[in-house]
Amino acid sequence: MTLRERLRQKISAAFYHHGLLCASYPVPIILFTSASILTCCYPLLRLPLPGTGPVEFTTAVRGYASPSHNPLGDPVERPDWYRGPPVAYIQQVLVKAAVSPWGSNLLPVDAFRPPLGQVFTLLEEIRNHVHSDSSGVQSLEHLCLQVTDLLPGLRRMQTVLPEHGCLLVSPGNYWQNQQELFDSDPDLLKTVQKHEPKGLHTSATLRDLLFGVPGKHTGVSHYSKKRVVTYTITIALSTYDAGFLGSLRARLKQLHPSANCSLGEEHMVHVHFKEEIGIAELIPLVTTYIILFAYIYFSTRKIDMVKSKWGLALAAVVTVLSSLLMSVGLCTLFGLTPTLNGGEIFPYLVVVIGLENVLVLTKSVVSTPVDLEVKLRIAQGLSNESWSIMKNMATELCIILIGYFTLVPAIQEFCLFAVVGLVSDFFLQMFFFTTVLSIDIRRMELADLNRRLPAEAGLPPPKPGPLRPREAPPPPRPSPHTITLQTPAFRNLRLPKRLRVVYFLARTRLAQRIIMVGTVIWIGILVYTDPAGLRTYLAAQPPHLGGMAPVFPGGDPAKALSVLPAREATPLPENQSQRHLAPGRVQEQPRGPPAATQVPWGAEDEEGWRRLSFRHWPSLFSYYNITLAKRYISILPVIPVTLHLGPQEAPETPRHPQDARLPPDPIPKFSSPDLQAADLTLYKVAALGLAAGVLLVLLLFCLYRVLCPRNYGQNGVSHGRRRRGDLPCDDYGYSPPVSEISPLLLRGHSMDIECLASDGMLLASCCLAGQIRVWDAQTGDCLTVIPNHKLRRSSSSGCWEQRGGRDPCVGGDSASEDEGGGFPFRRHAPPLRPPLFTDQPDLTPLIDTNFDSRLPPSSVHAAPPRGAAFDYGGLVERAYTEHEPPSPAAYPSPSYSSSPPTAGFANCRRSPVEAPDRGFACGPPPAAEWEGSVWAMELRGNLIAAGRSSGKLQLWDAVEGSLRCSNEEGASGITALAFLNNRIVAARLDGSLDFFTVELNKPPGLLQYRGAPGRGSMPPSPCYSSDDLISCQLTRSVLCAHQKPITVLRAAAGRVVTGSQDHTVRVYRLDDSCCLFTLQGHSGAITAIYIDETMVLASGGQDGAICLWDVLTGSRVSHVYGHRGDVTSLVCTNTCVISSGLDDLICIWDRSTGIKLYSIQQEVGCGDSLGVISDSLLVTGGQGCVSFWDLNFGDLLQTVYLGQTSDGQGVRQLLVLDNAAIVCDFGSELSLVYVPSVLEKLD
Amino acid sequence: MSRTLTAMADSTPGGYGSEPGPRPAPGPYISAVTNRTTNLVIRGAMLFSVGVFLALVLNLLQVQRNVTLFPPDVISSIFSSAWWVPPCCGTASALIGLLYPCIDSRLGEPHRFKREWSSVMRCVAVFVGINHASAKVDFANNVQLSLTLAALSVGLWWSFDRSRSGFSLGVVIALLATLATQLLVYNGVFQYTSPDFLYIRSWLPCIFFAGVITMGNIGRQLALYEHKVALEKTHQD
């Protein structure tokens, strides 16, 4: 055994034990893991939150020296970025100028034209300032930041921003720093406005850059009430020379003293800018994240065969993420501070660490044998994959270690994080994910168990039926009801689109949240952008502000103006740069108290740059391709300059001729430009409003289209009716494979099937011809044929009989009349008669309603008025003599006569058939009378209850084919029958309801057990004795149960529910025939009723409405309109109600809420052929096929074609048998389809 | 019965069972997808768009580092590089993505290593990461940068490809692409801000190699899909 194998074994064993441990103690292990994650993440709290705002650091001006690159043991705590010289020193000269006192002869332009004109003087002063000391002569040219070209894209700013020289910006730049241009400028404001960007701007505008104060603080406007103009001259210095700056400050202060100014000069502020994430950087970032999510998606999609895919996928992602957090936390703990941009490297870290191990683990665990115990499964799965997991991990660690030796700091750091992340990921996989997996597997087993239990419990209990004495309870088949479908987690319920939208909205409360978030954002924007709001508040540094209004930072302008005394200016001799401005015109002298109140200086002026956008400096420098990202600038204390212009000087300022006519006078000053602006705003608002309105209308329209289907009156989504011959498909156009299951075709009927009844074992069918056939529901063998005697009268019946004789029962594969002797009938093939009425439809149900009245004159043998035993031979003869004179007497005279009924109930004796023949001797003897067509049929035990149009209730032995008893007390046709236990309820056409009790007059013990029916071999000698009596006694007749004919009758759970054309539903107790409730709520005749053992009652009417009722209280639970036209059938399951209507639509409703889940378009005429097999399987009939649907999701599962050609007749009736077979009529044939199903795993 | 039922339940979700029997002719969509030429075109178009997209994004990464000179307007800079660069990248990636599976089938050794979408995504992510590293990380000198990138590229190949044909094809295409770039630069169509090796950046072949591996990976995965569909079609037939 090599070392490798031993190692492998050891690892495998270790993993096995670990798996056992994890699966045994899930909760403590998860708690432990969570605790360790939290512990490891704790150091993350100390990390600064990421942000892109600039950071400030303040130092004293005195004794300032540019910080060295490598600070050694600085006693003062300074930020990391504060090393090395700054990009630039910013020296601002803050100028406040006012024309005072304001004279009435002054134009509004005079408020800012002279003050702005002063900038050129100041610029000249600054440029020419020279400071000489021991170290030499310093001038601005030496100290300032020399800039070269503007960026190529900024050509339009070339005229404004300085190029090739000092970076010195001031409002004078608008006029290229030339007084002449300024003087000849007709409209200063226009010049200023010219360079403003159109539309929304977020970063600093040119106006802000040049003026150095926020736009509305400049006072350069016609309507500035204060008439104080503020601007700055900004100088960017590359080197700091305290001497030069000091002398400049002193000089300017001396020239233009600001008496009331108390601005601090002690502190300089260093501002550090972080890297800004622009769109250019965002796009790759977003791309990497998209790739990351695609990776996670594709990875977690592979998780399969577990209880909750989402849960495990979440656990996997949590594993990776928390391992990353742990890695960062651990690295921080051990002193390594992350310098990389976390957001950028994060996707790569996730990709490097990967989800592969998690998936491998899951796959390995779910592929272990499922019959093992959960912990053994986990342990085995772990140990199976242990070697590959370890190998992969070792490989990855190696690769990362190699990366570590690239000696590139960034890569090293990345690798370090990755290594720690890998290790913590391994830890989490082993502890956290494995435990979650074990919990999941356990849940799945539990779910399996739960699902199996009801399936087993759902087997029909052997009913001690008194009516089936001779039959053993059917051998317990493994219930095929449990249909395994896909895990439903990912199958979407097929809902109408509008419902899905509404459900989605309701589930996520999306609308509320969006509105809430929108409101919050809106409020935030309002607060932020409001002039008196947060932005100014923030920008103006809260400590200084107190409660003053930021708009007028200087306080009351009126006061300032009123105090302003008239004075004459004293020219300064040093003012070398004054040009044509007369020397008598300008500046202030250092003056006394009056000047102190003239131009307000506030604390906020001290750091006026704070009011600027934080992108002010980066954008200024970026114009010269100098980035401030990760660098800092030092802002020196401002130099305040106050300019006072006398009123008499202002007009002397060379006004441009156009100045005078711009605003006519200050009083109606709000007229033209403001109005213009207002107009413009108005237009903008109108356009915006219009656009918003159009958008709103479009949105509403879309919503309407989504929420309300186009066919609004048609209840639900429109379904394109499937064309004939197309494959059936569901709404998604998905058409599942056609199954190979070949249905058993039960042939024998000559006309279309009209009634179907079954009790699970036997199946009785009645065709339009009145022939009743009994089939074995399991094998499809035809057991009995009970012909309708009435048909003997017509010659066409001969034809049918002939056909029946030749091809009596081709049911499935083994059903042949002669084989095995299993069929208790044998008919003589009558001689072929030419058909007389073959081309005519059989209208018997319509024609003969009550033949009793007609019978007496034609009676031959038996007592005609009683009609119980009636030889129809004469009738047949008469019929044939009418049409065909040489009519052979094909049928022997009935050899049977019943004992006369006594005491008001019909007592029928079994026909004494000849033993060897054991069938009807071709002239089924018993009821030799006009029977009427069969309108209703029920099958219980082996008794067929047939309600005829003549009002007769007949009980036939399903196996023998003999009439056991007949009751003909009612005259009105039986429209519906219910056969429950030993009671039969018959509803009649006249609205009366009859309750019969079936009594067995002979104890079943005496009867010999006949054996299981329908296996093709019947015991040869059933002990039929003629005294085996079954009586059917009318116990109660509710004469006027309904005002109009009863259309539906259902019985279950000891209740009988009738629905009638009089719009009401009545509930009776089966035991005492007592009417419990009359349920009113429909506005049309009742056409469908459903009631089951769980007392669920649903009714549907001609109005297309479906009502759900509470049977115990008689109250209406819900009421929905589902169909255009009659509701033809109704079925309820535990969760939903399935209805079908004349519109050939099958609708599935949620039972509790009454919401339509979805609907299925049926073939024409197949609307009411539906059945529910289990709670999740729906069967519908179609053109020559049967389709199986997943009820929960509306997916078409399977389509079974009944015949060879797909264009067969439509399936109009469909009956689900107890053994999960489906019987449906297929023209004149019956089709027995076994439900495709999958047996659940039994162990 | 249960056997057929199981088969049915198995075949139900997927949609295409493989049981014999009369089945309808495949719909227009399926037949279009299984059509070889159409499939080729679809794959080519997908690869082309992926290539264009990656070219734009990676170009943006380079812009940030000022590898190539661009005006500062950010949005426009996405499309500001020579207009022919993204289409060229797209065409090249389409060619490569189609070439890889083709060569695989010619050599008769289908690529079986980690053939799943998650792995492909991982590969793309690593490729973007390599580009990211080349653009963002400060290296001491260009030799270090080139060596690191070369190691990363080979690591990419080892992690996601591991086929000899893939490696050789990648090397060949990378060299060809470098040569083409060299020619372009030499003729002055194109210029780098700081060429370090014969007018171009020395890490270019590594990036090319990684890109070839990535696109080949995607192409193979797409081809696998076609293979699956074709397989199902033959089953159906």
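Computed from a prediction, not measured in an experiment: that's the story for all the values here. Letters A, B, ... mirror the listed sequences (proteins, then strands); counts begin at 1.
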Point-to-point distance, once rounded to the nearest 0.5 Å, from CD1 of A:Ile402 to CG of B:Leu152: 10.5 Å

CZ-OG1 distance between B:Phe53 and A:Thr287, expressed to the nearest 0.5 angstrom: 4.0 Å

Side chain, backbone, both or neither of A:Val352 within contact of chain B (heavy atoms, under 4.5 Å): backbone

Rounded distance (nearest 0.5 Å) linking atom CD1 of A:Ile411 with atom CG of B:Leu145: 8.5 Å

Heavy-atom contacts under 4.5 Å, residues 115-123 of chain B to chain A: B:Glu116, B:Trp117, B:Ser118, B:Met121, B:Arg122

Over 12 foreign heavy atoms within 6.0 Å of CE, B:Met46: no

Structural part of B:Ala125 lying under 4.5 Å from a heavy atom of chain A: both

Proximity breakdown for A:Ser299 and chain B, heavy-atom pairs closer than 4.5 Å: both

B:Val126 side chain near A:Tyr348 side chain, heavy-atom distance below 4.5 Å: no

